[in-house]
Protein chains: 2
Amino acid sequence: MPDAIPAFKQQIPSQNSDRDILAETPAYDLIELFFFAYRDFVSDPDRILDEYGFGRAHHRVLHFVSRQPGLTIAELLDILRITKQSLNRVLKELIEKDFIESRMGTSDRRQRLLHATPQGHDLALKLAKLQTRRIMRALSAASPEAKAAVSQYLLCLIDPDDREHVKQLVFGPEKT
Amino acid sequence: MPDAIPAFKQQIPSQNSDRDILAETPAYDLIELFFFAYRDFVSDPDRILDEYGFGRAHHRVLHFVSRQPGLTIAELLDILRITKQSLNRVLKELIEKDFIESRMGTSDRRQRLLHATPQGHDLALKLAKLQTRRIMRALSAASPEAKAAVSQYLLCLIDPDDREHVKQLVFGPEKT
DNA sequence: AATTTTATGTCAGCCTTGTTGACATATCTC
DNA sequence: GAGATATGTCAACAAGGCTGACATAAAATT
């Protein structure tokens, strides 16, 4: 992946006080904007999920299953970072209500390969479009390079150990 | 599709495909990156809060009270968008453990003006610095204009009705 | 002065979604 | 065949949301 242009990458090392201030002065603006943005970002889906008797936990599961047909339980647990008991509760409801189906693995028959049903895909898409509308509105108010900057920023907020994994999930397998 | 006002029904036909793609193709990358980034962003404070017997809810309350000494209950409820009962549960604990103190309002004695104690400010600052470290790491991997782009983006993700309010909270009262 | 509205506090109970621990089953691997 | 692995399930608990009802003091209105 393309690194930042070296000339822009570094700070001015001449003044230690600058570095200290950067390290020690809290970035209240970005901390708080992140909170408010996330608060509103998840509120759109919430309203619709309510109509189906689902919550945010159902949304996360449905989203990733819809995006990656054939996802296994273990992979899903790794993405969501919750316990299998927590996952199972919401997954069971999604299966019972016919939004997700669970097929036995072919190569390893212990695994469950999760797939969204047509109904499941519809709901997932509906919710994704809602959030996309909000995103597009925000991007359209910004510069053309904003999207790349925002993606890069969000990616680097993620724990370094996970970054490659997330990149694969989000942008698909590398073509190398 | 139901009737629309004819003149507004469609844009210039030549650009319809562009607009449709923008409106209809989900921005999966930004949706998912936002999820993963938020997941890790809140995980740093979580570890420390645990040592104090606090959770995320306590963090939010302490953060905004520490940032805005003299905040009232009503203002805090408006920021957090939770019920007073939910707020009261965590606020009571923060007051009992001497991280926040509640003073009677001077002009309106029904109000409670919330202030962080020295201990409260210390913890709030510690957590903010932790998150700032993550933010700075992410910004340093990006272009110099990234910070402005990210701020702008996050701000525009917020509900339009709230945007001015949040701007005031985050950037302070305008000098006009 | 009496009434109404507002800001806050509190009790009681419920829901969602996270947790831990223990145990069961089928299947794969060695 | 033995052990490891992927998943399912039961039970209990905790955090942090919610609603509804009711209480109090102080401000605002009439």
Side-chain angles (χ1 to χ4, degrees), chain A residues 35 38-39 42-43 45-65 70-97 100-115, chain B residues 35 38-39 42-43 45-65 70-97 100-115:
Chain A
F35 164 75
Y38 197 79
R39 182 194 68 177
V42 296
S43 74
D46 277 359
R47 281 183 279 275
I48 291 182
L49 289 160
D50 237 33
E51 299 167 13
Y52 291 80
F54 293 142
R56 278 181 208 177
H58 301 86
H59 184 195
R60 288 180 213 125
V61 170
L62 179 60
H63 175 92
F64 286 107
V65 169
L71 201 63
T72 67
I73 302 287
E75 288 166 338
L76 196 43
L77 286 175
D78 190 47
I79 289 171
L80 300 175
R81 298 268 182 85
I82 58 177
T83 58
K84 63 175 174 176
Q85 294 92 327
S86 291
L87 171 57
N88 220 267
R89 188 163 33 206
V90 293
L91 183 55
K92 213 191 290 182
E93 289 169 4
L94 284 164
I95 291 172
E96 276 166 9
K97 292 193 184 173
I100 286 180
E101 69 178 30
S102 167
R103 303 178 194 156
M104 187 183 286
T106 47
S107 66
D108 183 339
R109 304 191 343 183
R110 290 171 303 180
Q111 293 182 327
R112 307 297 142 175
L113 307 183
L114 303 172
H115 295 262
Chain B
F35 164 75
Y38 197 79
R39 182 193 68 177
V42 295
S43 75
D46 277 358
R47 280 183 279 276
I48 291 181
L49 289 160
D50 237 34
E51 300 167 12
Y52 292 80
F54 292 144
R56 279 181 207 176
H58 300 85
H59 184 194
R60 288 179 215 126
V61 171
L62 179 59
H63 174 93
F64 286 107
V65 169
L71 201 64
T72 67
I73 301 287
E75 287 166 338
L76 196 43
L77 287 175
D78 190 47
I79 288 172
L80 300 176
R81 298 270 181 82
I82 58 177
T83 59
K84 63 177 174 173
Q85 294 92 327
S86 291
L87 170 58
N88 221 269
R89 187 163 34 205
V90 293
L91 182 56
K92 214 191 289 182
E93 290 169 4
L94 284 164
I95 291 172
E96 276 167 9
K97 292 194 185 172
I100 286 180
E101 69 178 32
S102 167
R103 304 178 195 156
M104 188 183 285
T106 48
S107 66
D108 183 338
R109 303 191 343 182
R110 290 170 304 180
Q111 294 181 326
R112 307 296 144 176
L113 307 184
L114 303 172
H115 295 262

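Throughout, protein chains are lettered first and strands after them, A, B, ... in sequence-line order, and every chain is numbered starting at 1. Remember, predicted model here, so these are calculated numbers, not experimental data.
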Asker: What integer distance in Å separates A:Lys92:NZ from C:dT17:C1'?
Answerer: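 A:Lys92 atom NZ is separated from C:dT17 atom C1' by 14 Å.
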Asker: What is the distance from CD of A:Glu75 to C1' of D:dT7, rounded to the nearest Å?
Answerer: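 Distance check: A:Glu75 CD to D:dT7 C1' gives 14 Å.
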Asker: How close do B:His115 and B:Leu113 get, heavy atom to heavy atom, and via which atoms?
Answerer: CD2-O, 3.4 Å
Asker: Please report the distance, rounded to the nearest Å, between CZ in B:Arg109 and C1' in D:dA28.
Answerer: 15 Å
Asker: Within the 4.0 Å heavy-atom criterion, would you say B:Ser107 contacts the bases, only the backbone, or no part of the nucleic acid?
Answerer: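 Sugar-phosphate contact only - B:Ser107 comes under 4.0 Å of backbone atoms but never of a base.
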Asker: If you take all heavy atoms of A:Ile95 and A:Ser102, which pair is closest and at what distance?
Answerer: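 Shortest heavy-atom contact: CD1-CB, 3.9 Å.
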Asker: A:Glu93 has an atom CD; how far is it from atom C1' of C:dT16, in whole Å?
Answerer: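 In whole Å, C:dT16 C1' and A:Glu93 CD are 9 Å from each other.
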Asker: Closest approach to the side chain of A:Arg89, judged atom by atom: which nucleotide of C:dG9, C:dG18, D:dG16 is it?
Answerer: C:dG18
Asker: Between A:Leu91 (CG) and C:dT17 (C1'), how many Å, whole number?
Answerer: 15 Å
Asker: Is the distance from OP1 or OP2 of D:dA15 to the nearest side-chain N or O of B:His58 less than 4.0 Å?
Answerer: no
Asker: Looking at the side chain of A:Lys84, which of C:dA22, C:dA26, C:dG18 is the nearest nucleotide?
Answerer: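 Looking only at heavy atoms from C-beta outward on A:Lys84, the closest nucleotide is C:dA22.
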Asker: Quickly work out the B:Asn88 CG to C:dC11 P distance and round it to whole Å.
Answerer: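 Between P of C:dC11 and CG of B:Asn88: 10 Å.
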Asker: For A:His63 and A:His59, take the angle between the two ring planes, folded into 0 to 90°, and tell me which bin it lands in: parallel under 30, tilted 30 to 60, perpendicular over 60.
Answerer: perpendicular
Asker: Taking it one step at a time, do B:Phe54 and B:Lys97 satisfy side chain to side chain contact (heavy atoms under 4.5 Å, CB included)?
Answerer: CA-CA 10 Å; B:Phe54 292 144; B:Lys97 292 194 185 172; 3.7 Å; yes
Asker: Report the residue (A:Ala57 or A:Gln85) whose heavy-atom-nearest nucleotide on DNA chain C is the more 5′ of the two.
Answerer: A:Ala57
Asker: Heavy atoms from C-beta onward define the side chain here; which of C:dG18, D:dT7, D:dC18 lies closest to that of B:Thr83?
Answerer: D:dC18
Asker: Which nucleotide sits closest to the side chain of A:Asp108: D:dA6, D:dA27, C:dT10?
Answerer: D:dA6
Asker: Which nucleotide in the set C:dT8, D:dG17, D:dG20 lies at the smallest distance from any side-chain heavy atom of B:Ala74?
Answerer: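 Comparing C:dT8, D:dG17, D:dG20 against the side chain of B:Ala74, the answer is C:dT8.
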Asker: C:dT6 base to B:Arg110 side chain: any donor-acceptor pair below 3.5 Å?
Answerer: yes
Asker: Please check the phosphate of C:dT19 (OP1 and OP2 only) for any side-chain N or O of A:Ser86 closer than 4.0 Å.
Answerer: yes
Asker: Identify which nucleotide among D:dG8, C:dT27, C:dT19 has an atom closest to any side-chain atom of A:Met104, counting heavy atoms from C-beta outward.
Answerer: C:dT27
Asker: Can you tell me the distance, in whole Å, between the CG atom of B:Leu114 and the C1' atom of C:dG9?
Answerer: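 Nearest whole value for this atom pair: 13 Å.
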Asker: Closest approach of A:Ile82 and A:Leu77, non-hydrogen atoms and distance?
Answerer: O-CD2, 3.5 Å
Asker: Starting from P on C:dT16, measure out to CZ on A:Arg56 and report it in whole angstrom.
Answerer: 14 Å
Asker: Please compare A:Leu87 and B:Ile73 by the position of their nearest nucleotide in DNA chain C and report the one closer to 5'.
Answerer: B:Ile73
